[in-house]
Amino acid sequence: QGSEFQATAQSGGAVRVSGVSPQHTPATKIWYGKVSNEPGYRSLPHHHGEAETGGYVLTGHGRIYFGDNYSDYVDMYAGDFVFVPPYMPHVEANMSTTDELVWLTARTPDNIVINLDDVDDSTLEGYSRA
């Protein structure tokens, strides 16, 4: 049984809370937790090293930017699943300025987070903080 564990890797406006991880449970090959973005917030550009990531949106409208200068993106809504391959630089954004974005995320082998240089909001199509 796991409880929430706050001391996990973060990326700016994407707040990760660990539910099951090697840091606080007997798990050895999985990280499973909750990620949330307050209205209008986004993560820093980052990737997850060797880790494969699966996500499920609980509430809100998210967008994952990736590709050349983060010009490609995938929109996610409550009930959507998403897969992020290893070593893929991306930005996770809450596309709403009024509603929280919350999703569950599973990652193997652990919550590897490599933060990259930030980009200007204007490079992220359709994104606004306010």
Side-chain angles (χ1 to χ4, degrees):
Q1 182 176 2
S3 59
E4 289 191 353
F5 179 74
Q6 305 284 339
T8 190
Q10 308 294 340
S11 295
V15 178
R16 299 182 184 94
V17 177
S18 176
V20 175
S21 76
Q23 288 74 31
H24 70 113
T25 71
T28 60
K29 296 183 177 121
I30 189 169
W31 182 89
Y32 181 60
K34 181 172 64 176
V35 183
S36 59
N37 293 61
E38 292 298 318
Y41 278 72
R42 67 171 174 88
S43 72
L44 293 169
H46 64 283
H47 67 77
H48 299 291
E50 67 181 283
E52 292 185 325
T53 301
Y56 178 80
V57 181
L58 290 175
T59 62
H61 171 202
R63 180 174 284 178
I64 296 182
Y65 294 92
F66 61 98
D68 259 359
N69 206 31
Y70 306 99
S71 59
D72 297 322
Y73 58 85
V74 173
D75 282 309
M76 309 172 296
Y77 299 90
D80 287 346
F81 288 93
V82 64
F83 172 71
V84 179
Y87 299 103
M88 186 183 84
H90 60 284
V91 173
E92 302 150 2
N94 184 344
M95 298 305 286
S96 173
T97 57
T98 56
D99 299 320
E100 189 178 38
L101 168 66
V102 179
W103 67 90
L104 298 177
T105 301
R107 187 170 292 128
T108 60
D110 196 359
N111 188 38
I112 299 166
V113 178
I114 311 297
N115 287 318
L116 304 171
D117 291 339
D118 204 1
V119 293
D120 191 84
D121 288 352
S122 65
T123 66
L124 303 173
E125 185 178 328
Y127 173 72
S128 175
R129 290 177 188 261

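Keep in mind that what you see is a predicted model, and the values were worked out from it rather than measured. In what follows, residues are counted from 1 in the order of the sequence shown.
In this structure, CG on N94 lies 8.0 Å from OH on Y127, to the nearest 0.5 angstrom. To the nearest 0.5 Å, the span separating CD on E92 from CG on L101 amounts to 8.5 Å. Considering CE of M88 and NE2 of H46, their distance stands at 9.0 Å, rounded to 0.5 Å. The structure places CD of Q23 at 6.5 Å from OG of S18, a figure rounded to the nearest 0.5 Å. From D110, atom CG reaches atom OG of S21 across 6.5 Å, with rounding to the nearest 0.5 Å. Taken from OG1 in T97 to CZ in R129, the straight-line distance is 12.5 Å, to the nearest 0.5 Å.
Taking hydrophobic clusters as Ile, Leu, Val, Met, Phe, Trp and Tyr residues chained together by side-chain heavy-atom distances below 4.5 Å, V74 does not share a cluster with Y70. Residue F81 is not grouped with residue V57 when hydrophobic side chains (ILVMFWY) are merged at heavy-atom distances under 4.5 angstrom, including chains of intermediate members. Criterion: ILVMFWY side-chain heavy atoms under 4.5 Å apart, direct or through other members. Under it, I114 and F66 are not part of a common hydrophobic cluster. With hydrophobic clusters built from ILVMFWY side chains whose heavy atoms lie under 4.5 angstrom apart, V82 does not share a cluster with Y56.
When all heavy atoms of V20 and A27 are compared, the pair lying nearest together is CG1-CB, 3.8 Å. Contact between A78 and L58 at its shortest, heavy atoms only, is CB-O, 3.4 Å. Of all the heavy atoms in T25 and G19, the pair that sits closest is CG2-O, 4.1 Å. Closest heavy-atom contact between S43 and N37: N-ND2, 3.9 Å. Residues H61 and D75 come closest through the heavy atom pair NE2-OD1, 3.0 Å. For M95 against G126, the heavy-atom pair with the smallest separation is CE-O, 3.2 Å.
In this structure, H47 and Y87 have tilted ring planes: the angle between them lies in the 30° to 60° band.
Considering only heavy atoms from C-beta on, V84 stays 4.5 Å or farther from R107 through its side chain. When side chains are defined from C-beta on, K34 counts as touching L104, because their heavy atoms get closer than 4.5 Å. Side-chain contact check for W103 versus D80: every heavy-atom pair is 4.5 Å or farther apart. Residues S36 and V102 are in side-chain contact: their nearest non-hydrogen atoms beyond the backbone lie under 4.5 Å apart. R16 has its side chain within reach of V113: a pair of non-hydrogen atoms, C-beta onward, lies under 4.5 Å apart. Taking the side chain as every heavy atom from C-beta outward, T105 and W31 approach each other to under 4.5 Å. Annotation: side chain of P109 is not in contact with side chain of I30 (no heavy-atom distance under 4.5 Å).
Listed by chain and number, the residues in a ring pair (Phe, Tyr, Trp, His ring centres under 6.0 Å) with Y73 are Y65 (sequence neighbours excluded).
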* I112 and E50: CA distance, side-chain angles, deciding distance, side chain to side chain contact (heavy atoms under 4.5 Å, CB included) verdict -> CA-CA 8 Å; I112 299 166; E50 67 181 283; 3.7 Å; yes

* To do: Would you please test D118 and R42 for side chain to side chain contact (heavy atoms under 4.5 Å, CB included) and show each step?
  => CA-CA 11 Å; D118 204 1; R42 67 171 174 88; 3.0 Å; yes

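Looking only at atom types and distance, the side chain of S71 has no donor-acceptor partner in the side chain of N69 under 3.5 Å away.
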